[in-house]
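What follows is a single structure, written as structure tokens, with notes after it.
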2 protein chains.
Amino acid sequence: MSETRKRSTRQREAVSRALEGAGGFRSAQDLFDSLRDDGAKISLTTVYRTLQYLADEGSVDVLRSHDGEAIYRRCSSSEHHHHLVCRECGAAVEIESDEVEDWAKRVATRHGFTSVDHLAEIYGVCQKCAG
Amino acid sequence: MSETRKRSTRQREAVSRALEGAGGFRSAQDLFDSLRDDGAKISLTTVYRTLQYLADEGSVDVLRSHDGEAIYRRCSSSEHHHHLVCRECGAAVEIESDEVEDWAKRVATRHGFTSVDHLAEIYGVCQKCAG
DNA sequence: TTAAGTGCAAATCGTTTGCAGTTCG
DNA sequence: CGAACTGCAAACGATTTGCACTTAA
């Protein structure tokens, strides 16, 4: 299933490094721009392809921003994390929750599902925006 | 901000009705297909526009499916249900969980967020497909 | 050498928009 | 009538793909 990526290249390294430096979630375009700013010779296509590889491998998480862009971030193993997002300003707080982890696994197992994965996001209006 | 939609039309009614009937989250395409099946004369463009109007009004929630499609559902205040979806065949089991409800509310409150809403979906492979 | 990796340009796909015709009020 | 609303086709922006060229091993 993760039988892609066989060689190590300048570009691939660069993308990984850019992801490291980014910390949070970044779009392919963002990463591409950063890479270019850092003087990397790489195409947007390759950024996309590399990100895809990494995602298949499970090295990066892929989320969707509210306007449909895919955003990526290097993944600390297969650990899940969720977000508390402000509907107004877009500010996001990262949260963890074994509670939800357990729930997802439990429910899935009960229904005979395997290879379980889940998505959980909380939306609301932050203090600042609530006025 | 919600200064669109002034008139009542056959198409707009149809979209609202389709959303009612749908219950869960549906993509514009899905809704369009349902509408056509029900014999409605409407264009995909209008479905999109209507959905946009309703979203601006706050009558529907807009989310993004994992593959970037926008999915909509009529917004019944803050009532929630979740889904356990098979990645292979798409089969979905509807699930409820006060557990998750509580968690979302608790976390949000802790961070000073209001008008809380959330999304939680579990993905996996069902027994049939795991074969 | 040679398969994996890359870049460019063209192709996709969901969604939006320009514009001319239609309809509600 | 006149402003909303519609539909179609063209435009869009993010992502993918076909193909010829590079490059790591």
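To find a chain, count down the sequence lines: A is the first, B the second, and so on, and within it residues start at 1. The shown structure was predicted, so the numbers you read here are calculated from the model rather than taken from an experiment.
Note on B:T9: a side-chain N or O is less than 4.0 Å away from OP1 or OP2 of D:dT6.
Taken from OG in B:S27 to CG in B:L51, the straight-line distance is 9.0 Å, to the nearest 0.5 Å. Note that CZ of B:R49 and CD of B:Q11 are 11.0 Å apart. Values are rounded to the nearest 0.5 Å. Note that the CZ atom of A:R26 and the CD1 atom of A:I71 stand 11.0 Å from one another [nearest 0.5 Å]. If you take CZ on B:F113 and CD on A:Q127, they are separated by 9.0 Å, rounding to the nearest 0.5 Å. Atom OG1 of B:T46 and atom CZ of B:R10 lie 12.5 Å apart (nearest 0.5 Å). Interatomic distance, CZ of A:R12 versus CD1 of A:I42, reported as 11.0 Å (0.5 Å rounding).
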**Complete:** Protein-proximity profile, nucleotides 7-12 of chain C, B/S/- by nucleotide at the 4.0 Å heavy-atom cutoff, equals BBB---
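Rounded to whole Å, the distance from CZ on B:R64 to C1' on C:dC13 is 12 Å. Between the P atom of C:dG14 and the OH atom of B:Y72 lies a distance of 12 Å, rounded to the nearest Å. Regarding B:L51, its CG atom lies at a distance of 16 Å from the C1' atom of D:dT6, rounded to whole Å. Nucleotide C:dG5 holds its C1' atom 5 Å from the CZ atom of A:R7, rounded to whole Å. Rounded to whole Å, atom C1' of C:dG18 lies 18 Å from atom OH of B:Y48. Atoms CG (B:D67) and P (D:dA14) sit 17 Å apart, rounded to a whole Å. Spacing between atom CG of A:D30 and atom C1' of D:dA14 amounts to 13 Å, rounded to whole angstrom units. With rounding to whole Å, A:Y53 atom OH is found 11 Å from D:dT17 atom P.
The 5' end of DNA chain C is approached more closely, in terms of each residue's nearest nucleotide, by B:S27 than by the other of B:S27 and B:R10.
Closest approach of A:A70 and A:V62 over heavy atoms only: CB-CG1, 4.2 Å.
Among the heavy atoms of the strands lying under 4.0 Å from B:Q52 are primed sugar atoms or P, OP1, OP2 only; no base atom is included.
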